[in-house]
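Working notes, beginning with the structure itself.
Because the structure is predicted, anything quoted here is derived from the model rather than measured. Just so we're on the same page: letters track the sequence lines, and every chain starts at 1.
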Amino acid sequence: MEFTKDSLKIDAAAVTEQLCQTIRTQIRTRLHKTGAVVGVSGGIDSTVCAALCARALGPERVVGIMMPEKDSSPLSEQLARKLAAQFGFQAIKEDISGGLAGLGCYERRDEAIRSVFPEFDPSWSAKITIPTNILEKDTFNFFHLTIENKSGESRTKRMPLAAYLQVVASSNLKQRLRMTTLYYHAEKRNWAVIGTGNKDEHEQGFFVKYGDGGADLKPIAHLFKIQVYQLAEYLKVPREIIDRTPTTDTYSAEVTQEEFFFGLDFYKMDMLWYALEHKVPAEKAAEVLGLTVEQVRHGYANIERKVNATEYLKLPPLHAV
Amino acid sequence: MEFTKDSLKIDAAAVTEQLCQTIRTQIRTRLHKTGAVVGVSGGIDSTVCAALCARALGPERVVGIMMPEKDSSPLSEQLARKLAAQFGFQAIKEDISGGLAGLGCYERRDEAIRSVFPEFDPSWSAKITIPTNILEKDTFNFFHLTIENKSGESRTKRMPLAAYLQVVASSNLKQRLRMTTLYYHAEKRNWAVIGTGNKDEHEQGFFVKYGDGGADLKPIAHLFKIQVYQLAEYLKVPREIIDRTPTTDTYSAEVTQEEFFFGLDFYKMDMLWYALEHKVPAEKAAEVLGLTVEQVRHGYANIERKVNATEYLKLPPLHAV
Amino acid sequence: MTIDQTVLRKELRQFITDSFLIGDDQVVFADTDSFMKNGIIDSTGVLELTAHLEEKYSVTPSDDEMLPANLDSIDNLVNFIQRKLSATAAQ
Amino acid sequence: MTIDQTVLRKELRQFITDSFLIGDDQVVFADTDSFMKNGIIDSTGVLELTAHLEEKYSVTPSDDEMLPANLDSIDNLVNFIQRKLSATAAQ
């Protein structure tokens, strides 16, 4: 099939029906559970997953868990409540700040940030970013730390390894406590935990092992982000959720997924990736996407490197025999 | 090979050497990590895993994390420190009570216990037990809740489903917070997390999904409990650890693993299981183990039922395609 | 209290379908089929089932009655419930 | 500051073996072999490597120099370090 601008268009109605059937069968036959617990963040992926589950199982067999912590945007909870009201499932709020503080999340993170910026204190917010010029050169990933204060002043430095690892290790406590909270609600009801990652996140490794990566089933892990948007339109989820820029919802300064992980806008990344998977020659992809051949090659190399680096995240526990 | 009382004897020296080689190769080649983080509970399994890692990688590439919470026995920390001193690795203590309290672990558990015993308050301790007459009849698992006060008075009732599920869901927060804490220390160092489950726990499903079940490698997941003891003797771990009765280290009242999960002492269970795996006729197993044929049949049925029920725990996240 | 066997059989089948098959009545199983062996109910499911017996029929299996022979098929359940109910009625 | 190429090559190989191969010198790789493609170093390993260059040789790759052509083999590293050191010396 020829590679065109429309190669990632799906028949959203047909895909929805097939996904609902799969969700029912997997929950019943493979998992022996009778309902679904979904972490609802007000983002597009968890929204589509919750809407699909409500349709597949009936809203009375679905519960959406909102899990804010002190760095979360208050908008996330508002959007999640709106979603739950529209699709008729119960929404429960579990603030995980107390659990995070108890494990030293904020302290450990701030200690690492202060090793880079000694002036950092809770009046500043912080984020980590990667190079976003990945179509221009074949660069390794490295990380910048940016801190911002309330008057809009910001400072940026490349992170030494030890600081980077400690900030990431501390932030990953958030995803793992969210998984933990979802399983509490699932085990209490004998229901299943839904993982809400899409293909971009799953296959490029943008998830935390046993954090948001830990779930019983992942209904949209095979769909490109721009396909998830098509399902969202078909399912008529709230417009503000569709229009919201995807963020990590992990750092105190707002950071887009493009800045933090993918380094490329979703349309270009998904199309390049599809082209790579289907062995579309770089020349053809360049023509369809309005890029140079060189840019396509850098994009291919970057995606390939990320996909190859994810083995660790997806490995089941290794046994010695 | 004939089934005898010695069928589970291993050449501990040879097994140790082979395991050390495997640990080195897996950490380096499969996981791309350069050290190992082990949760040390003062129990036999984590002790053997930590000793193996120190031998395989050198003690400077191993860190043992002690993770007590308010229901833990103080003996656990003492034994773990003794082990670390003997094998030369660093021991770090992380009290997870604060994290657990922040997630409402104790409150949620006590609420469920009070639904069975309204008189329950923090001056009582509590535990869950299963039938231990599994060689006498082919019974389903069901659960008794026992509460004990300081004057030694105890009360026991069979648990209604909702109370049972909520107590288990609350207690599982402990295993998941321990996993979370181990990954903090691993990610901060770019090291691997060691899972310390043995074959009994792994294959009969005595672990928490994404809790103690969540690890990067599990060096002894193929060894029967009574084989782990043979390694412990060979590695010369502290005698008090070998002599200690295995407990769940999860409930406020001490509960042995036999009472809580296996329903049978380790020697009988492991031998019966080995016999079942090797299709030893019930008559022969009965003769070797000094049991009746009927008892062997009940033992086989119980183990088979548990092994079959573990699929859910071990499934990777299901995808829709 | 006694219950008509046909009614009981139908009610139990409906409960199994609603609770464990999420309403999917395309799944075929015979009245003699083991729930466990056919993957319809797992060990936690057995506890959900006994909670239902208690709530709907005031039938509580004793510890000694928590056996596949009493609980692990529609037929076994029907026999068990009727036996328990007539024992209660006879008191 | 300059370093003898042979010494530098040997030191780098030793560091790779100690840090990423946990001391196993049975693993064979050529001076031209890509660390990434041969599974010797992953993306976090690259950051460990740059931290080592900074500490041991006071060589810090700029953002624009975080490239496989500078960092992804013994040969590339030797050339990159020598280039950086002579640039510093020339200042």
request  = Pick one of side chain, backbone, both or neither for A:Ser170, based on which atoms fall under 4.5 Å of a heavy atom in chain B.
outcome  = both
query = A:Gln18 versus chain B, heavy atoms under 4.5 Å apart: side chain, backbone, both or neither?
reply = side chain
Over all atoms of both residues, closest heavy-atom pair of A:His319 and B:Gln26 = O-NE2, 2.8 Å
message = Please identify, among B:Ala101, B:Gly102, B:Ala169, B:Ser97, the residue contributing the most non-hydrogen atom pairs under 4.5 Å to chain A.
response = B:Ala169
request  = Of all the heavy-atom pairs spanning A:His222 and B:Ala320, show the shortest one and how long it is.
outcome  = CE1-CB, 3.7 Å
remark   = Interface check, chain A: of B:Ala221, B:Ala215, B:Gly213, most non-hydrogen pairs under 4.5 Å belong to B:Ala215
request  = Pick whichever of B:Met179, B:Lys314, B:His32 has the most heavy-atom pairs under 4.5 Å with chain A.
outcome  = B:Met179
message = Check B:Glu187 with A:Arg108, please: is the shortest side-chain N to carboxylate O separation under 4.0 Å?
response = no
query = For A:Leu165 and B:Arg189, which heavy atoms make the closest approach, and how far apart are they?
reply = CD1-C, 4.4 Å
request  = Mind ranking B:Gly214, B:Cys105, B:Ala112, B:Gly211 by heavy-atom pairs under 4.5 Å with chain A and telling me who comes out on top?
outcome  = B:Gly214
key: A:Glu107 atom CD, neighbour heavy-atom count above 12 within 6.0 Å   = no
B:Glu94 side-chain N/O to A:Leu103 backbone N/O, donor-acceptor pair under 3.5 Å = no
query = Run the side chain to side chain contact (heavy atoms under 4.5 Å, CB included) check on A:Leu177 and B:Leu177 step by step: do they pass?
reply = CA-CA 8 Å; A:Leu177 253 56; B:Leu177 252 57; 3.8 Å; yes
request  = Assess whether side chain to side chain contact (heavy atoms under 4.5 Å, CB included) is satisfied between A:Thr180 and B:Tyr210, documenting all intermediate values.
outcome  = CA-CA 8 Å; A:Thr180 295; B:Tyr210 308 133; over 6 Å; no
ask   = A:Val167, A:Leu161, A:Leu217: which one forms the most heavy-atom pairs within less than 4.5 Å of chain B?
value = A:Leu217
task = Show the numbers, then the answer: is there a side chain to side chain contact (heavy atoms under 4.5 Å, CB included) between A:Leu318 and B:Leu31?
result = CA-CA 9 Å; A:Leu318 299 176; B:Leu31 301 168; 4.0 Å; yes
request  = Test A:Arg176 against B:Tyr184 for side chain to side chain contact (heavy atoms under 4.5 Å, CB included), laying out the working first.
outcome  = CA-CA 10 Å; A:Arg176 294 203 173 92; B:Tyr184 172 78; over 6 Å; no
query = How close do B:Arg30 and A:Leu315 get, heavy atom to heavy atom, and via which atoms?
reply = NH2-CD2, 3.1 Å
